[in-house]
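Only one structure is covered here, and it is reproduced in the block below.
No experiment lies behind these values; they were computed from the predicted model shown. So you know, we letter chains A, B, ... as the sequences are listed, proteins then strands, and number each from 1.
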Amino acid sequence: MAKQNPPLIETVDLCKSYFNDGMETPVLFDIDLTIREGEFISIMGPSGSGKSTLMHILGFLDTPTSGSYLFRGQKTRVLHDDELARIRATRVSFVFQAFNLLPRTTVLDNVILPLLYHPTIPASERTERGMKAIEQVGLTERATYFTNQLSGGQQQRTAIARSLVTEPDVIFADEPTGNLDSASGIQVMEVLQNLHSKQGRTIVLVTHEKTTAEYAERVIHILDGRIATDTRDFKRNHAKNVKHLK
Amino acid sequence: MFITDTFATARRAIGVNRKRSMLTMLGVIIGVSSVVLMTAVGASMEVLILSQISSIGAQSMVVFPGQKEGVESTLAAGFDSLTFDDVEALERLTTITSVAPAIFVDIPTAVYGREKTQPRVIATTPPYFQNREMPVAVGRVLEERDIMRARHVVVLGSDIADDLFGLEDPVGKQVRLGDLQYTVVGVLEPVGTQFFQNADEFVFIPLTTGRAVTGQKHVNVITLQAVGDFDLAQADVESLLRQRHGIVNPEGDTDEDDFIVRTSQQANDILGAVSLGLTLFITTIAGISLVVGGIGIMNIMLVAVTERTREIGLRKAVGARGRDILLQFLFEAILLTLFAGIAGVVFGVGLAGLAALIVDKYLESYDFALSVPAIGLALAMAILTGLVFGIYPARQASKLSPMNALRYE
Ligand SMILES: Nc1ncnc2c1ncn2[C@@H]1O[C@H](COP(=O)(O)OP(=O)(O)OP(=O)(O)O)[C@@H](O)[C@H]1O
Ligand SMILES: [Mg+2]
């Protein structure tokens, strides 16, 4: 079903190197990847394989060294800083492993932070939209709490609410459960699962854990900066494999 | 992002980072309040000096013996270049009137009953009181007949009268000056300090009496007034004295003279020089305070950027443009410096008032005064430093890429 949707993200021969003191560290090599609207994708791979690097580029937090990245059919290389900021404000959002919430600030104020920079949503709608996003992650009673008064799982759900509030085309979540115990992790994943299945949101998830990856329909394995496998209908295949082993 | 959002964000950032904000403000408060305090002290000093110097009437001249205008020569007794013959010659000048010679009589104590005080005794003639603008409070000042008969009468300055008589009426009472008894004929109104000498500690006896007591043949000071054109009168006085003292001085170089003529014009010049000096001094202090305060602001703002780089990264990650970040920091800087500037003014004015209260105990005519333009300038400069030192860190912050900022440690 997702296959018929137009491509949201397309990369061709995308490469990324970091440069420190003139030293080049190549990290990503010739990434060809297409993500369509409504997909739920997990990216897996060993530590240091380049998963976060790829996510940052796809989420407009960083730029590729070479190759092309098309977002909604548009070449991103030609975009100016302000146009990139506008995409970050309206079309994509990020959930970080380390939450990255503002300290000494309430849940609600954290959640509506992206709306401050949204070009079209009027100020009068901020609280309402913020509360709606908070409700979706089940934190309504905690809306006026300061973020340091929350558990890790609640903090991550606050971060997810923040990523929902602008109703973006795609949510990138880089190991959102990495800092959480398994119960909180499951809660967070169920929130993401609901966003996908009930609202049809596009979600790209990085994870180390197979159980977490299983929430997605498509799993991409990255090894040493290259896509090693790209499996659709992961759950079904996985289930088959498990049966087969039995 | 609307400008009101940026403003609200900046305001919230100040509140959220209260400790850091307080430190920043402290720098500005110290800077601004020291400017306000220093300029207020300067303004008070100016008022004080003005009141001292302007107590020479516009038509008055004071002639001293002595070489250059300078601290060591102005009131130096024992310099004997001016004689009573000079005084008589001056009296004959048509451009001059109201000539009053005076000598300083060295009598250390004045005694009335059991009361004792230290006066400065001046022997002079009646016009002195007009020339020096010293009105009488009770009784009378010296008169011609006192001079003619070399009477033992005395006119008291108000402080001396207070010291010796308290609430008693001094007129007609006997005061002992040195070894001799004098009858008090009058008491002067308080006149305060003139040229930083307390004129209310003077007592006046007839010139002739003073000469008889001391045997002095030279004059310590001559006060006189110009008739008509002042410059002409001054030129007459100077050329007459040069001629009489055998000084060849066609250029009118006052360094060559053995006398000094002080005029209200000179007093104004001195006042101008003094207040210019004070203004420069105060401006320098003000500048230094502001720069120090400004560097404080800059440092804190730079620290704020380091500290908040992750926050900036986050804001950029959720869609903030470089401009939004820049404006936020700018507003923050302006708001902080504006608050702190106002607090600094309040604090500085308070300090200046306190200083005036304390100094007034020692320097009688010291009054509380403020330099309003300096306060305005200090405020404007505080906001300006906030702007200038806010822009640099804000620019640094706004240039970071979201990921670099987020990774910052
Ligand atoms: N700023 C940087 N400068 C230089 N090298 C970097 C930088 N950031 C990442 N790298 C390198 O790039 C490689 C990929 O890093 P990345 O964070 O993408 O890995 P990852 O797959 O997300 O790993 P993990 O599962 O541990 O999060 C690593 O070898 C890392 O050392
Ligand atoms: Mg990673």
For atom [atom1] of [X], decide whether the heavy atoms of other residues, nucleotides or ligands shown that lie under 6.0 angstrom number more than 12.
X: A:D81; atom1: CG; result: no
X: A:F29; atom1: CZ; result: yes
X: A:D224; atom1: CG; result: no

From CA spacing to verdict: side-chain contact (heavy atoms from CB on, under 4.5 Å), B:R12, A:D109:
CA-CA 11 Å; B:R12 201 164 306 157; A:D109 282 339; 3.8 Å; yes
Taken to the nearest 0.5 Å, the spacing of B:R323 CZ from A:D82 CG works out to 5.0 Å
What distance do B:D5 atom CG and A:L115 atom CG have between them, rounded to the nearest 0.5 Å?
10.0 Å
Contact class of [X] relative to chain B, heavy atoms under 4.5 angstrom:
X: A:N100; answer: both
X: A:F172; answer: neither
X: A:P103; answer: backbone

Nearest non-hydrogen partners of A:A85 and B:R321, listed with the distance
CB-CG, 3.6 Å
Tell me the closest heavy-atom pair linking A:L61 and B:M403, and the distance in Å.
O-CB, 3.2 Å
Yes or no on side-chain contact (heavy atoms from CB on, under 4.5 Å) for A:L116 and B:Q328, after CA distance, side-chain angles and deciding distance?
CA-CA 12 Å; A:L116 296 186; B:Q328 179 193 332; over 6 Å; no
Are A:T105 and B:E311 close enough that some pair of their side-chain heavy atoms sits under 4.5 Å apart?
no
Is there side-chain contact between A:L102 and B:V16, with heavy atoms separated by less than 4.5 Å?
no
For chain A, the option from B:A8, B:G15, B:G313, B:A317 that forms the most heavy-atom pairs under 4.5 Å:
B:A317
